[in-house]
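Heads up: the structure comes next, in structure tokens.
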Amino acid sequence: MNHKIAPSLLSTDFLNLQQDIDMLNASDADWLHCDVMDGVFVPNISFGFPVLEQIKKVAQKPLDVHLMIVNPDKFIQQVKDAGGYMMTVHYEACTHLHRTVGAIHEAGMKAGVSLNPHTPVELLTDIIEDLDLVLIMSVNPGFGGQKFIPNSINKVARTRKMIDERNLHTLIEVDGGVNLDTGKQLLNAGADVLVAGSFVFSSTNPTETISSLKNL
Ligand code: DX5
Ligand code: ZN
């Protein structure tokens with residue numbers, strides 16, 4: 001039970017966000033996963049810094065900020081100011097990824113890199129030692145409630161191998177279509193952090209659902 005659970009706020013009731021955050025504060029959730037989308041990198045727009053600033057005021061758990069945007073370098077300080085603990089950028093959105101990761105660290109945050117479903121984990125071979133987290137997308141980013149892509153399990157296993165062979169402490173997070181069944185398989189393959197949106201917030205008792213994910 002060493003793994004972390006990061007419920008995704010994308011599936012919360014935005015009209016009652018504080019209520020949902022209070023629930024998460026009192027739950028077994030470890031981090032609050034915040035999905036920022038720009039309508040360019042992904043075909044959807046979610047929420048941005050004004051909302052993150054409000055979340056920060058009531059959240060009692062670290063904010064795990066997943067940026068599905070082009071040019072994330074432009075917003076590093078804003079993510080930090082909005083309470084970001086982990087700042088995760090997409091591999092596919094960063095031409096100078098090494099520089100981006102360095103700047104995230106310099107701003108005082110943990111740095112994560114996310115991979116779209118078609119992006120091989122082996123492309124991280126020359127940057128993984130600098131990363132605090134690898135986020136493996138198990139759906140095409142942009143929307144909650146999509147179907148889990150089974151090859152993600154294989155990607156987690158390959159990332160686990162890469163990390164263990166080098167004795168690193170980089171965490172493996174998985175995002176998209178996580179439920180008790182896929183969550184179990186991902187943990188068996190070596191995942192450290194499970195993001196779950198619709199599975200948690202469409203359940204009748206989100207607090208219990210979080211606990212069952214935590215107890216997998
Ligand atoms: C999708 C987001 C996810 C999303 C997951 O692009 O990155 O964090 O909220 O939602 P579920 O768990 O419903 O697949
Ligand atoms: Zn996400």
Side-chain angles (χ1 to χ4, degrees), residues 3-14 17 20-21 23-24 27 29-48 51-52 55 59 61-70 72 75 79 82 84-93 109-119 131-153 155-156 171-187 191-204 206 209-210 212-214 216:
H3 60 278
K4 296 184 195 303
I5 304 300
S8 168
L9 299 185
L10 191 61
S11 295
T12 54
D13 175 1
F14 288 163
L17 191 50
D20 281 340
I21 294 174
M23 179 278 289
L24 294 172
S27 77
D30 296 278
W31 295 346
L32 307 192
H33 185 82
C34 305
D35 289 300
V36 177
M37 305 178 187
D38 65 356
V40 180
F41 182 71
V42 287
N44 196 13
I45 296 177
S46 55
F47 52 77
V51 175
L52 280 181
I55 294 171
K61 304 196 172 177
L63 302 188
D64 175 33
V65 185
H66 176 196
L67 295 169
M68 286 160 272
I69 65 171
V70 296
F75 302 103
V79 174
Y85 162 76
M86 178 73 68
M87 173 166 168
T88 298
V89 298
H90 265 265
Y91 177 87
E92 302 83 4
M109 291 181 287
K110 304 266 185 205
V113 169
S114 183
L115 301 176
N116 278 337
H118 74 280
T119 306
L131 303 182
D132 300 293
L133 179 135
V134 174
L135 171 53
I136 294 176
M137 287 309 300
S138 40
V139 297
N140 286 294
F143 305 91
Q146 301 182 81
K147 202 170 165 287
F148 182 80
I149 299 171
N151 182 55
S152 317
I153 294 164
K155 288 178 79 173
V156 170
L171 296 173
I172 303 174
E173 182 176 47
V174 190
D175 186 4
V178 170
N179 56 34
L180 292 178
D181 173 36
T182 55
K184 184 79 208 157
Q185 296 180 58
L186 291 165
L187 293 174
D192 302 292
V193 188
L194 300 177
V195 176
S198 53
F199 181 63
V200 167
F201 292 99
S202 336
S203 68
T204 44
T209 305
I210 293 167
S212 32
L213 285 166
K214 184 71 183 173
L216 274 176

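One-based numbering, in listed order, for ligands and for the atoms of each. Just so it is clear, the values below take in all heavy atoms, side chains as well, and ignore hydrogens, waters and symmetry mates.
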[atom]: which protein heavy atom is closest, and how many Å away?
atom                   : value
atom 2 (C) of ligand 1 : Asp35 OD1, 3.4 Å
atom 6 (O) of ligand 1 : Gly142 N, 2.7 Å
atom 1 (C) of ligand 1 : Phe143 O, 3.5 Å

Indicate yes or no for a side-chain donor-acceptor contact from [X] to the backbone of [Y] under 3.5 Å, with no hydrogens or angles considered.
X      : Y      : result
Asp38  : Val70  : yes
Asp20  : Asp13  : yes
Asp192 : Ile172 : yes

Legend entry - Best match, Ser8, Pro7, Gly197, Gly145: closest heavy atom to atom 9 (O) of ligand 1: Ser8

Legend entry - Of the listed options Gly177, Ser202, Ser46, closest to atom 14 (O) of ligand 1 (non-hydrogen atoms): Gly177

Legend entry - Interatomic spacing from CG in Leu24 to CZ in Phe201 - rounded to 0.5 Å: 4.5 Å

Legend entry - From SG (Cys34) to CE (Met86), nearest 0.5 Å: 12.5 Å

Which of the numbered atoms in ligand 1 are under 4.0 angstrom from any heavy atom belonging to [X]?
X      : value
Ser198 : 11 (P), 12 (O), 13 (O)
Gly144 : 10 (O), 13 (O)
Met68  : 6 (O), 7 (O)
His66  : 7 (O)
Ala196 : 12 (O)
His33  : 8 (O)
Pro141 : 6 (O)
Gly176 : 14 (O)

Inset, instruction - Would you mind telling me which of Ser203, Ser27, Ser202 makes a side-chain hydrogen bond (donor to acceptor under 3.5 Å, both in side chains) with Thr209? - result: Ser203

With no hydrogens and no angle check, do the side chains of [X] and [Y] hold a donor and an acceptor under 3.5 Å apart?
X      : Y      : answer
Ser152 : Ser138 : no
Asp64  : His66  : no
Asp35  : Ser8   : yes

Legend entry - Region of Phe199 engaging ligand 1 - heavy atom pairs below 4.0 Å: neither

Inset, instruction - Step through the shown structure and confirm whether more than 12 heavy atoms of other residues, nucleotides or ligands are within 6.0 Å of NZ on Lys61. - result: yes

Checking one value in my table: which N/O/S atom of [X] lies closest to the Zn ion (ligand 2)?
X      : result
His33  : NE2
Asp175 : OD2
Asp35  : OD1
His66  : ND1

Inset, instruction - Give me the ring orientation class for His90 and Phe41: parallel if the planes are under 30° apart, tilted from 30 to 60°, perpendicular past 60°. - result: tilted

Legend entry - Heavy-atom closest pair, residues Leu171 and Lys4: CD1-CE, 4.4 Å

Inset, instruction - Look at ligand 1 and say whether Asp175 reaches it with a heavy atom at a distance under 4.0 Å. - result: yes

